[in-house]
There are 2 protein chains.
Amino acid sequence: MGITKTESFSDLQNRLADYFKVLGHPARIAILEHLVNANSCICGDLVDVLPLSQATVSQHLKELKQAGLIKGEISGTSVCYCINAEKWQEVKSFLNEFMDRYPNLEDSCC
Amino acid sequence: MGITKTESFSDLQNRLADYFKVLGHPARIAILEHLVNANSCICGDLVDVLPLSQATVSQHLKELKQAGLIKGEISGTSVCYCINAEKWQEVKSFLNEFMDRYPNLEDSCC
DNA sequence: AGTATTTATCGTAATATTGCAATAAACAAA
DNA sequence: TTTGTTTATTGCAATATTACGATAAATACT
């Protein structure tokens with residue numbers, strides 16, 4: 001019924017899905033790319049770079065922040081965003097472990 | 001407006017987001033886990049394993065198949081599903097390349 | 001104080017996703 | 001042919017997501 005049956009799956013499955021999900025939007029990919037490329041705090045110009053309104057960008061930033069992938073630091077009137085390095089590594093490993101569970105072999109059955 | 005502004009983003013950004021997105025649901029994670037663990041074709045018993053109706057499972061399988069992550073081979077009345085090994089590696093690399101763009105360093109600015 | 005700048009939040013509309021019952025489709029077995 | 005078995009599809013209903021205008025909140029500057 002449009003509601004994901006979260007409670008029917010394991011914590012691990014839900015956590016995996018949640019991280020994949022937050023990465024599953026081109027705007028959030030674009031935001032992360034921008035922050036990664038800059039490799040520094042970006043104050044405000046994200047809205048200029050993205051083809052979305054200020055309100056929409058703010059919403060995507062909120063989701064990325066909630067997932068822990070980025071940090072936002074208030075600096076005067078504006079806010080500086082950057083990648084949360086530790087969390088980024090953690091998520092990378094977490095997702096990779098999942099992908100690595102399928103062996104790199106040629107012994108596919110079909 | 002609920003519609004993702006796909007056309008405003010690059011092909012690469014959209015492709016990345018699409019792969020993350022298809023992985024962004026616990027049911028699809030569970031399906032993939034089952035296929036990975038079996039490391040063989042699974043005929044039919046997926047519905048028994050998952051806490052979802054046959055129709056819903058079939059829908060998730062369709063999405064995974066469309067993304068190319070799994071293959072389905074008709075075998076009599078039933079269908080055998082298994083991981084698409086080549087595509088799995090390809091997607092793993094593709095997503096990993098994105099995650100690796102953020103350097104493994106401690107030189108986070110904030 | 002008043003004005004400008006920047007970001008967050010609220011409210012709302014449009015679209016997407018999830019889930020399932022019912023049904024269809026395809027095949028096997030009797 | 002009829003019956004059962006298995007998977008796909010259709011047609012909803014419920015919820016979630018996306019997007020943005022309007023507005024609020026917070027701070028800086030005159």
Side-chain angles (χ1 to χ4, degrees), chain A residues 1-9 13-14 17-32 34-35 41-67 70-82 110, chain B residues 1-9 13-14 17-32 34-35 41-67 70-82 110:
Chain A
M1 307 164 182
I3 183 169
T4 298
K5 294 178 78 176
T6 307
E7 74 286 354
S8 303
F9 299 98
Q13 288 166 337
N14 280 309
D18 283 346
Y19 283 125
F20 278 124
K21 193 171 173 183
V22 79
L23 294 168
H25 192 289
R28 293 193 285 272
I29 293 288
I31 289 173
L32 292 173
H34 194 71
L35 293 179
C41 290
I42 295 297
C43 305
D45 60 349
L46 276 168
V47 176
D48 305 330
V49 172
L50 295 170
L52 297 168
S53 76
Q54 183 268 322
T56 305
V57 173
S58 185
Q59 204 173 290
H60 284 303
L61 285 168
K62 190 180 177 185
E63 287 177 70
L64 289 169
K65 202 157 50 177
Q66 277 173 343
I70 65 175
K71 288 191 285 191
E73 229 173 72
I74 296 170
S75 157
T77 350
S78 60
V79 179
C80 287
Y81 285 104
C82 66
C110 27
Chain B
M1 307 164 182
I3 182 169
T4 298
K5 294 178 79 176
T6 308
E7 73 288 354
S8 304
F9 298 97
Q13 288 166 337
N14 280 309
D18 283 346
Y19 283 125
F20 279 124
K21 193 171 174 183
V22 80
L23 294 167
H25 192 288
R28 292 191 288 271
I29 293 288
I31 288 173
L32 292 172
H34 194 71
L35 294 178
C41 290
I42 296 296
C43 304
D45 59 350
L46 276 167
V47 176
D48 304 330
V49 173
L50 295 169
L52 298 168
S53 76
Q54 183 268 323
T56 305
V57 172
S58 184
Q59 204 173 290
H60 284 302
L61 285 168
K62 190 180 176 185
E63 286 177 71
L64 289 169
K65 202 158 50 176
Q66 275 173 343
I70 64 174
K71 289 190 284 190
E73 228 172 75
I74 297 172
S75 156
T77 350
S78 61
V79 179
C80 286
Y81 284 104
C82 66
C110 26

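All figures in this text were calculated on a predicted structure; none of them were measured in a lab. Chain A is the first sequence line, chain B the second, and so forth, proteins listed ahead of strands; every chain is numbered from 1.
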_5' priority, DNA chain C, between A:T56 and A:T6 [closest heavy atom]_ =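 Closest to the 5' end, via its nearest nucleotide, is A:T56.
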
_Of A:L61 and B:R28, the one whose closest DNA chain C nucleotide lies more 5'_ =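 Result: A:L61.
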
Tell me: [atom1] of [X] to [atom2] of [N], nearest whole Å?
X     : N      : atom1 : atom2 : value
A:E63 : D:dA16 : CD    : P     : 13 Å
A:E73 : C:dT6  : CD    : C1'   : 17 Å
B:K62 : C:dA25 : NZ    : C1'   : 14 Å
A:L50 : D:dC20 : CG    : C1'   : 15 Å
A:F20 : D:dT17 : CZ    : P     : 17 Å
A:H60 : D:dC20 : NE2   : P     : 9 Å
B:L64 : C:dT17 : CG    : P     : 14 Å
B:D45 : D:dT7  : CG    : P     : 9 Å

*In sequence, state the C-alpha distance, the side-chain angles, and the governing distance for B:L23 and B:L32, and then conclude on side chain to side chain contact (heavy atoms under 4.5 Å, CB included).*
CA-CA 9 Å; B:L23 294 167; B:L32 292 172; 3.5 Å; yes

*Is the side chain of B:R28 donor-acceptor paired with the backbone N or O of B:L64 at a distance under 3.5 Å, no angle test?*
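Looks like no, no N/O pair under 3.5 Å.
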
*Which of these nucleotides, D:dT7, C:dA8, C:dC20, is closest to any side-chain atom of A:V79?*
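Of D:dT7, C:dA8, C:dC20, C:dA8 is nearest to the side chain of A:V79.
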
*Measure from the side chain of B:K65, starting at C-beta and using heavy atoms only, and say which of C:dT9, D:dT9, D:dA8 lies closest.*
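Nearest listed nucleotide: D:dA8.
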
*For C:dT6, does OP1 or OP2 lie under 4.0 Å from any side-chain N or O of A:S78?*
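Checking C:dT6 against A:S78, no side-chain N or O comes under 4.0 Å of OP1 or OP2.
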
_Please tell me if B:Y81 has a side-chain N or O lying less than 4.0 Å from either OP1 or OP2 of D:dT6._
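False: B:Y81 side-chain N/O out of range (4.0 Å or more) of D:dT6 OP1/OP2.
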
*Along DNA chain D (nearest heavy atom to each residue), the more 5'-positioned of A:L52 and A:K21*: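 Taking each residue's closest nucleotide, the earlier one in sequence belongs to A:K21.
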
[X]: partners by side chain to side chain donor-acceptor pair (under 3.5 Å), with sequence neighbours left out:
X     : answer
B:Q59 : none
B:Q54 : none
B:S53 : B:T56

*asked:* Walk along nucleotides 24-30 of chain D from 5' to 3' and tag each nucleotide B, S or - by protein heavy-atom contact under 4.0 Å, base first, then sugar-phosphate.
replied: --BBS--

*Got a sec, which residues hit side chain to side chain contact (heavy atoms under 4.5 Å, CB included) with A:T77, two or more places apart in sequence or on another chain?*
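A:T77 satisfies side chain to side chain contact (heavy atoms under 4.5 Å, CB included) with no other residue.
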
*In chain order, what residues pass the side chain to side chain contact (heavy atoms under 4.5 Å, CB included) check against B:A30, with sequence neighbours excluded?*
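Expected list: A:F9, A:Q13, B:L50.
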
_No-H, no-angle donor-acceptor pair, B:Q54 side chain to D:dA8 base, under 3.5 Å_ =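 Counting by modelled atom types and ignoring angles, a donor-acceptor contact under 3.5 Å is found here.
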
